[in-house]
Amino acid sequence: MDNTYDIIIIGTGAGGGTMARALAPTGKRILILEKGGFVPREMDNFDPHVNWVEKRYTPNDTWYHQDQPFRPSHPHYYVGGNTKFYGSALFRLREKDFEEVEHYDGLSPAWPISYADLEPYYAIGEKWYYVHGADGADPTEPRRSSPYPYEPLQHEPRIQRLNDDLANQGLHPFPIPMGMRMGHDGEDGATSSLDLWPQFDGYPDPYEIKADSHIVGIRPALTYDNVTLKTNSPVDRLVADASGRRIETVVVKTDAGETIEYAADLVIVAAGALGSALLFLRSQQTHHPNGLANSTSLVGRNFMGHNNATLIAISKTPNDATFEKTLALADYYWGDQDFKYPMGLIQMLGNFNEALMKLESPEPLLGMTHAEMASHSLDFWLQSEDLPRVENGISYNSSGQVVFDYQANNVEPANQLKKRLTDFLDCVGCHPGTHAVDLYLGSMVGIPLGHTMGTMKMGTDASQSVLDPYCQPHELDNVFVTDGSFFASAGAVNPTLTIIAQTLRVADYIKSQRL
């Protein structure tokens, strides 16, 4: 059996799936290795108990935080990676996010690339991933070379009232840029109806409406005869040649105990910010005794995950919206007159149903039943920027156990953002106060694993970074890393579109310079 390829791509999430589609037309022999299989398409996809209590789709891994074992809610080992479970919100970072920014708790560092470097690739990514949005509605929106490819999703009546009430307060709500394969997009299997979805954020999608990297990236790539996907193929380690500069062998160890070796001229690592860092760390060898490309000890460090909060407010009138994730608010992204530091973004979530309310709030609130709570709730996701800290990250201990070190930082802006939301609740027809709901965040051990970034950050100084501006490790000649690892700072918007855009930029570089 010939196990030699031109290109090996490890991982099928936003980075790996996008890269596969971008490189498939080159005619090069491409092997895609995915640790898991396909997400089962079943009605249990929508069951809160199956997802959050039974954790059917969550890997049965054991990691350690402050010597306490826990089962991480992320990553997901399936074709499509975490995008099979993401909320499809596809924002661009703002121009200023790429620059050094003063925050409450310190400086957010500048990137080695600018917004202008990514702008054309943001535009391509929005087309590939079916982003629906409204130009100019977001007051912090960065410069665009082209309009959104699809019209924004329409607010349902209760969300439209929320939009109007916020606007009447002098704020600037806008439609969330959503990656959704609607029926009018002409895609087989996609539907134009969002009425089918009893749940959304954090749930798999059997209807394939979400524009995830399996549907958008891997599936189109596999229409090319030169592309091969192997599932249930966890990569155990990468082996360098005698020089230590080139990866010559990719070693897979299956759950059945079989060891398979593959080789390629180029290796694209896109196993996620956590998975890629762990792969490099366990690939110790003569030229890389501290882990692959880790002479600086920065692999796995500088982790960021956003300071997130998932909150519900109880509307005084019923919220009959079937799909409420259509509205966002960025007026406080860079602060306000009372708090000069950046605060972050507020956006709506997918609906909370009665079953989820029972899980989140065993004792009903305000004298309501759980069903009444669900029918009156407005569901919000708040995210603020955490800062890269070298002490925050993922590693292996001497026993080979995965250890996650994380201490929250820059928390006050998140508190201020929550206060802004609480302050305007009465003006938008809600009872006072918000109520935290934590299952989606998986934050019971204080680790934000929803948005994983920064474990192999980019930079021009090889002593202070792991990857160069095209995501090639400084210490390796035939490897690129295209997932959330490369982030130099987190910004306060969802990171997926930036992963997609940088992957497309790196793909262009590979096609022009390396093939």
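Only this structure's heavy atoms are used, side chains among them; waters, hydrogens and symmetry mates stay out. Just so you know, residue 1 is the first one in the sequence shown, and it goes up from there.
- For Phe339 and Tyr341, the distance between ring centers is under 6.0 angstrom.
- Under the 6.0 Å cut-off for aromatic ring centres, Phe85 and His76 qualify, their centroids lying closer than that.
- Heavy atoms from other residues, nucleotides or ligands lying under 6.0 Å from NZ of Lys419 number 12 at most.
- Between Leu166 and Asn163, every side-chain heavy-atom pair lies at or beyond the 4.5 Å cut-off.
- Residues Gln383 and Asn494 bring a donor and an acceptor atom of their side chains to less than 3.5 Å of each other.
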*Do Arg282 and Tyr396 pass the side-chain hydrogen bond (donor to acceptor under 3.5 Å, both in side chains) test, and can you show the C-alpha distance, the side-chain angles, and the key distance before you say yes or no?*
CA-CA 8 Å; Arg282 65 176 176 266; Tyr396 287 100; 2.8 Å; yes
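- Applying the salt bridge (charged side-chain N to carboxylate O under 4.0 Å, His left out) test to pairs two or more places apart or on separate chains, none has a residue in residues 271-281.
- Sparse packing is recorded around CD of Gln154, with 12 or fewer heavy atoms of other residues, nucleotides or ligands lying under 6.0 Å away.
- Between Ile30 and Met19 there is no side-chain heavy-atom pair separated by less than 4.5 Å.
- Taking 4.0 Å as the cut-off between side-chain N and carboxylate O, Asp255 and Lys35 do not count as a salt-bridged pair.
- The stretch residues 300-309 participates, sequence neighbours left out, in these salt bridge (charged side-chain N to carboxylate O under 4.0 Å, His left out) pairs: Arg301-Asp405.
- Residues Ala22 and Leu504 share a closest heavy-atom pair of CB-CD2, 4.3 Å.
- Smallest separation of non-hydrogen atoms from Asp138 and Arg94: OD2-NH1, 2.8 Å.
- A side-chain donor-acceptor contact under 3.5 Å links His155 and Thr326.
- Side-chain atoms of Tyr57 and Asn45 form a donor-acceptor pair, as typed in the model, at a separation below 3.5 Å.
- Under the salt bridge (charged side-chain N to carboxylate O under 4.0 Å, His left out) criterion, Arg158 pairs with no residue at all, not counting sequence neighbours.
- For His451 and Trp381, the gap between ring centers is short of 6.0 Å.
- The closest side-chain donor-acceptor pair between Asn319 and Glu324 falls under 3.5 angstrom.
- The distance between the ring centers of Phe404 and Phe303 falls below 6.0 angstrom.
- Heavy-atom minimum distance, Asp386 versus His306: OD1-N, 3.0 Å.
- Between Glu156 and Phe323, the shortest heavy-atom contact is OE2-N, 2.6 Å.
- Using a 4.0 Å cut-off between charged nitrogen and carboxylate oxygen, Glu141 and Arg92 do not count as a salt-bridge pair.
- When the shell of 6.0 Å around OH of Tyr104 is examined, it contains 12 or fewer heavy atoms from other residues, nucleotides or ligands.
- A donor-acceptor contact under 3.5 angstrom links the side chains of Ser108 and Glu385, judged on distance only.
- Looking only at atom types and distance, the side chain of Thr231 has no donor-acceptor partner in the side chain of Glu34 under 3.5 Å away.
- Across all non-hydrogen atoms, the minimal contact from Cys471 to Thr482 is CB-CG2, 4.5 Å.
- Residues forming a salt bridge (charged side-chain N to carboxylate O under 4.0 Å, His left out) with Asp212 (at least two apart in sequence, or on another chain): Lys84.
- Partners of Asp320 under the salt bridge (charged side-chain N to carboxylate O under 4.0 Å, His left out) rule, at least two apart in sequence or in another chain, do not exist in this structure.
- Counting non-hydrogen atoms of neighbouring residues, nucleotides and ligands closer than 6.0 angstrom, the CG atom of Asn168 exceeds 12 such neighbours.
- Ring-centre distance between Phe38 and Tyr78: not below the 6.0 Å cut-off.
- Side chains of Asp97 and Tyr333: a donor-acceptor N/O pair is present below 3.5 angstrom, by distance only.
- Pro72 approaches Leu449 most closely through the heavy-atom pair CB-CD1, 3.8 Å.
- Electrostatic pairing of Arg41 and Glu208 counts as a salt bridge here, judged by a charged N lying under 4.0 Å from a carboxylate O.
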*Should Gln160 and Asp164 be marked as a side-chain hydrogen bond (donor to acceptor under 3.5 Å, both in side chains) after you check the CA-CA gap, both sets of side-chain angles, and the distance that decides it?*
CA-CA 6 Å; Gln160 184 62 52; Asp164 296 345; 2.9 Å; yes
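- Using a 4.0 Å cut-off between a side-chain N of Lys or Arg and a carboxylate O of Asp or Glu, Arg56 and Glu42 qualify as a salt bridge.
- The salt bridge (charged side-chain N to carboxylate O under 4.0 Å, His left out) test applied to Asp61 returns no partner, not counting sequence neighbours.
- The closest side-chain donor-acceptor pair between Ser73 and Thr58, if any, does not fall under 3.5 angstrom.
- Of the candidates Tyr129, Trp128, Tyr121, Thr18 forms a side chain to side chain donor-acceptor pair (under 3.5 Å) with just one, namely Tyr129.
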